[in-house]
Amino acid sequence: MEAVILAWDPDQPVWSGSYAGAVRSVQASGILWQTWAFPAGLTPELDLDAWLLVVGSRSAMCGIGGHGTVARIGAPSAEATTTQVDIDFDLLLPHGDQLPLSRLVEELPHLGAVEKTVQPLDRSSARVVRRLWAEANPPQRGALDATPGALPSRAVRRGWSNRFEQDTDVRRTVLAHRGSVCHACGLDMEQRYGVLARDLVQVHHVTPLGLVDGDYEVDPLSDLVPLCASCHVVAHSRWPDPYSVREIRVMLRRSGFLSGTVLTDEQLEAQAAALRILGASTGDP
């Protein structure tokens with residue numbers, strides 16, 4: 001067993017709360033655990049990939065709508081017919097955004113008639129589901145990590161991250177307001193690497209997280225600034241209070257760094273032509 005399909009009918013009460021609330025919780029915290037009843041004869045391993053398959057009469061909602069991993073395996077029920085398994089969901093899609101069941105059945109026909117709540121997947125089937133999921137849910141531009149579920153669970157490691165710096169809506173607001181040039185060293189990603197690197201600069205949360213409490217609400221226009229990956233690493237190399245943009249600029253000046261721009265091929269050709277003209281006008285060879 002390489003992974004499992006968890007079939008869920010929205011008309012059946014499975015979630016401890018509303019599904020919409022579960023989607024928001026995962027978006028905010030990055031993880032949501034939900035207990036699932038596995039048949040007693042089907043014992044999963046920890047960290048096994050689990051895919052949420054929405055089924056039922058509402059065909060427009062049917063399809064793969066979430067990914068998680070097995071986090072804890074409980075004791076069998078008193079009747080020894082089921083085992084309670086905790087699933088850590090790391091991505092849940094709003095209804096309507098699912099990977100359509102029809103697309104899934106094109107390559108895995110046996111999933112078109114899932115009758116069991118828990119359906120094991122062999123290695124080849126799990127690879128197909130993972131590939132289709134990754135194609136349907138590419139990471140946001142500028143994201144440092146793959147979409148949850150795009151890689152096998154054994155190939156990734158979960159860790160804490162600054163949710164303010166990873167929020168895509170906040171990021172868009174920051175770049176729209178402050179531009180995409182690194183505020184410390186002046187690197188322009190598009191100018192350096194071309195249009196494919198446009199808006200790939202990272203954003204840095206300048207307010208020390210130790211000062212953030214439960215009532216804190218991020219202000220994209222005052223709490224975050226664009227930093228290139230190099231300057232961002234330097235900023236977070238001091239803990240718990242990161243280096244400020246001003247301190248990084250001082251480091252750059254002391255190291256002899258001179259900010260500037262990278263000339264394009266056209267600019268270099270124009271510069272060479274100007275030197276030839278100047279040489280001709282002065283009589284230099």
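A chain of hydrophobic side-chain contacts below 4.5 Å, direct or via other Ile, Leu, Val, Met, Phe, Trp or Tyr residues, connects V55 to L104. No single ILVMFWY cluster, assembled from side-chain heavy atoms under 4.5 Å apart, contains both V170 and V225. Residues V118 and I87 share a hydrophobic cluster, clusters being chains of Ile/Leu/Val/Met/Phe/Trp/Tyr side chains in contact below 4.5 Å. Grouping the Ile, Leu, Val, Met, Phe, Trp and Tyr side chains by contacts below 4.5 angstrom, directly or via other members, places L227 apart from V234. In the hydrophobic clustering of this structure, F89 groups with I73; members are Ile, Leu, Val, Met, Phe, Trp, Tyr whose side-chain heavy atoms approach within less than 4.5 Å, directly or through other members.
Between the R249 side chain and the H183 main chain, a donor and an acceptor come within less than 3.5 Å of each other. T147 contributes a side-chain N or O that, together with a main-chain N or O of N137, makes up a donor-acceptor pair within less than 3.5 Å. When atom types are taken as modelled, the side chain of W133 and the backbone of P148 share a donor-acceptor pair closer than 3.5 angstrom. Under the 3.5 Å distance criterion, the side-chain polar atoms of Q98 are matched with a main-chain donor or acceptor of G96.
Annotation for L32 and S25: closest pair CD1-OG, 3.9 Å, computed over non-hydrogen atoms. In this structure, M1 and P120 approach most closely via the heavy-atom pair SD-CB, 3.6 Å. Taking all atoms of both residues into account, the shortest heavy-atom contact from A126 to E2 is CB-CG, 3.6 Å. Considering every non-hydrogen atom in both D199 and S180, the closest pair reads OD1-CB, 3.7 Å. The heavy-atom pair separating C182 from C228 by the smallest distance is SG-N, 3.3 Å. Residues L224 and V206 share a closest heavy-atom pair of N-CG2, 4.4 Å.
Annotation: side-chain hydrogen bond (donor to acceptor under 3.5 Å, both in side chains) contacts of E106 (sequence neighbours excluded): R103. Applying the salt bridge (charged side-chain N to carboxylate O under 4.0 Å, His left out) rule to R246 yields no partners; only residues at least two apart in sequence or on another chain are considered. Remark: E45 pairs with no residue by the salt bridge (charged side-chain N to carboxylate O under 4.0 Å, His left out) rule, at least two apart or across chains.
Here the side chains of Y193 and L200 are not in contact, with every heavy-atom distance at 4.5 Å or above. Residues Y19 and L52 have side chains in contact (heavy-atom distance under 4.5 Å, counting atoms from C-beta outward). Side-chain atoms of L121 and V129, non-hydrogen and from C-beta on, do get closer than 4.5 Å to each other. A heavy-atom distance below 4.5 Å is found between the side chains of E135 and L132. Side-chain atoms of P10 and V54, non-hydrogen and from C-beta on, do get closer than 4.5 Å to each other.
In this structure, H236 and H204 have perpendicular ring planes: the angle between them is above 60°, well past the 30° mark.
In this structure, the separation between CD on Q119 and CG on L42 is 9.0 Å, given to the nearest 0.5 Å. Atom NE2 of H110 sits about 8.0 Å away from atom CD1 of I5, to the nearest 0.5 Å. Atom CG of D223 sits about 11.0 Å away from atom CD of E217, to the nearest 0.5 Å. Atom OH in Y243 sits 9.5 Å away from atom CD1 in I248 (nearest 0.5 Å). Going from atom CZ of R198 over to atom CG of L175 covers 12.5 Å, rounded to the nearest 0.5 Å. Rounding to the nearest 0.5 Å places CG of L101 at 8.0 Å from CD1 of I64.
None of T69, V70, V85 except one satisfies the side chain to side chain contact (heavy atoms under 4.5 Å, CB included) rule with L46; the exception is V70.
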Check: Run the side-chain contact (heavy atoms from CB on, under 4.5 Å) check on D86 and Q84 step by step: do they pass?
Finding: CA-CA 7 Å; D86 286 346; Q84 298 299 305; 5.8 Å; no
